[in-house]
Amino acid sequence: MSTSCDFEKALLTAADILADARYAIALTGAGLSVESGIPSFRGPDGLWTRYGQPSNLSYRVFSQDPQAWWEQRLRDESTPGNPTYDLKDAVDRAMPNPGHAAMAELEELGILRAVITQNVDGLHTREGSKSVLEIHGNRNYLRCVGCGHRQPRDGYAITDLPPICNECGGVIKLDTVMFGEPIPRATLDACIEEVQKCDAMLLVGTSGAVNPAAQFPLMAREGGAQIIEVNPESTQLTASVHLALTGQAGDVLPAIARSLRPLKSEED
């Protein structure tokens, strides 16, 4: 078990790695959003643990009958006792936590160049992070499967089912990436580009269980990047990182940011 002294030393080491980095990025997962009250999917009290994992053919089901899919989706969103309702209710209530705030500060300090997030809640952007790549989409947006046009769901009146894109006449779906649906190519390419450029990567609240995001830390390490993990428990990636900080993101990330403030002030 780590002592307080060991942990403080690890915090300073993490700060030094990030301060020395030429191009640092972050990869975040569900563990960060859990601290904002959003349930995880695979954890002990996760949505899929309680309700079962969605079908791997979810996108095919949508594609075969978008109208029926939307009818079911709108019913589920308004009916308590199912994973769709629980997630929507949690995200609607959620606020960014100190971990999100610290990451926005690290970007403002010029430390973090980009955040790749597996989360679909939009909390990074709400807290002020500007360079955010949402690899699994954003549940607050809609996206056309034809031309890829995205627009906020808030304020969009869903009158016809399925909704039709005004830009190209294609079918509109939620922006979140479904099982069996390819990640939008432009988003995936942008994530890979960031991974290839980085020389330090901060892993926050990700279990390393979902590809392709789980491969990003390994790709970064192969390219010579230093990998720092922040998580309350060991993950599938822990054995591959250079430094593991055990704790909640809302505690660890603000401490790292505090350590970096004077270092960046000295540079200025």
Side-chain angles (χ1 to χ4, degrees), residues 28-30 33 38-42 46-48 51-94 115-126 131-194 209-216:
T28 69
S33 292
I38 298 174
S40 66
F41 294 101
R42 293 179 171 82
L47 290 175
W48 297 345
Y51 292 108
Q53 182 170 313
S55 167
N56 289 332
L57 302 178
S58 297
Y59 185 60
R60 181 184 295 182
V61 171
F62 169 83
S63 300
Q64 289 175 341
D65 194 343
Q67 179 177 339
W69 185 92
W70 268 107
E71 289 172 348
Q72 184 65 52
R73 177 74 187 200
L74 294 176
R75 283 195 297 270
D76 288 346
E77 287 184 348
S78 60
T79 306
N82 66 78
T84 298
Y85 178 92
D86 286 2
L87 181 59
K88 182 179 186 303
D89 182 62
V91 173
D92 287 346
R93 294 171 180 269
V115 175
I116 300 172
T117 184
Q118 299 168 272
N119 300 331
V120 299
D121 46 53
L123 293 179
H124 281 296
T125 302
R126 282 180 59 186
S131 183
V132 181
L133 292 168
E134 296 167 317
I135 192 170
H136 294 157
N138 186 323
R139 67 166 301 281
N140 300 309
Y141 277 74
L142 302 170
R143 172 167 46 87
C144 173
V145 299
C147 66
H149 175 71
R150 296 174 73 244
Q151 59 188 312
R153 182 175 177 180
D154 187 30
Y156 181 90
I158 299 178
T159 53
D160 298 323
L161 298 179
I164 299 300
C165 176
N166 292 329
E167 301 291 324
C168 75
V171 174
I172 289 176
K173 66 178 291 292
L174 295 179
D175 185 48
T176 49
V177 176
M178 303 166 72
F179 278 105
E181 178 185 5
I183 293 169
R185 190 71 238 180
T187 300
L188 183 57
D189 287 347
C191 290
I192 293 173
E193 182 179 351
E194 293 298 325
V210 180
N211 289 317
Q215 297 302 310
F216 292 163

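Counting from 1, the numbers follow the sequence of the chain as shown.
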Query - Euclidean distance, T79 OG1 relative to L74 CG, rounded to 0.5 Å - result: 10.0 Å
Report task. Calculate, to the nearest 0.5 Å, the distance between atoms OG and NE2 belonging to S33 and H124 respectively. Result -> 7.0 Å
Requested in this report: For the pair L174 and W70, evaluate side chain to side chain contact (heavy atoms under 4.5 Å, CB included) and give the outcome as yes or no after the intermediate values.
Outcome: CA-CA 10 Å; L174 295 179; W70 268 107; 3.8 Å; yes
Query raised in the report: How far does CD1 of I38 sit from CG of D86, to the nearest 0.5 angstrom?
Result: 12.5 Å
Query - Least distance between heavy atoms, G122 atom then E134 atom - result: CA-OE2, 3.9 Å
Query - Other residues, nucleotides, ligands: >12 heavy atoms within 6.0 Å of R75 CZ - result: yes
Requested in this report: Could you walk me through whether V177 and T187 pass the side chain to side chain contact (heavy atoms under 4.5 Å, CB included) test, one step at a time?
Outcome: CA-CA 11 Å; V177 176; T187 300; over 6 Å; no
Query raised in the report: Excluding sequence neighbours, so at least two apart, what forms side chain to side chain donor-acceptor pair (under 3.5 Å) with E167?
Result: none
Requested in this report: Could you tell me the separation between the CD atom of Q118 and the SG atom of C191, rounded to the nearest 0.5 Å?
Outcome: 9.5 Å
Report task. Check N140 against D121 and note the closest heavy-atom contact, atom names and distance. Result -> ND2-O, 3.3 Å
Report task. Could you tell me the separation between the CD atom of Q64 and the CG atom of L57, rounded to the nearest 0.5 Å? Result -> 8.5 Å
Query raised in the report: Looking only at heavy atoms, what is the nearest atom pair of P163 and Y156, with distance?
Result: CB-OH, 3.7 Å
Report summary line: Given the options D92, D175, D154, R139 meets salt bridge (charged side-chain N to carboxylate O under 4.0 Å, His left out) only with D92
**Report entry** D189 atom CG, neighbour heavy-atom count above 12 within 6.0 Å
**Finding:** yes
**Report entry** Exam field: side chain D76 to backbone T84, donor-acceptor pair closer than 3.5 Å
**Finding:** no
Query raised in the report: Shortest non-hydrogen contact from L188 to P212?
Result: CD1-CG, 3.9 Å
Query raised in the report: Stepwise, does the side chain to side chain contact (heavy atoms under 4.5 Å, CB included) test hold for V171 with Q67?
Result: CA-CA 10 Å; V171 174; Q67 179 177 339; over 6 Å; no
Requested in this report: Could I get the full list of side chain to side chain donor-acceptor pair (under 3.5 Å) partners for R126, not counting sequence neighbours?
Outcome: none
Report summary line: Heavy atoms of P66 and S63 approach each other most closely as CD-O, 3.7 Å
Query raised in the report: Between CD1 of I172 and CG of D160, what distance do you get to the nearest 0.5 Å?
Result: 10.5 Å
Report task. Can you see which heavy atom on M178 is nearest to which on F62, and at what distance? Result -> CE-CB, 3.8 Å
**Report entry** W69 (side chain) donor-acceptor with P162 (main chain) under 3.5 angstrom
**Finding:** no
Query - Step-by-step side chain to side chain contact (heavy atoms under 4.5 Å, CB included) determination, F216 to E194 - result: CA-CA 10 Å; F216 292 163; E194 293 298 325; over 6 Å; no
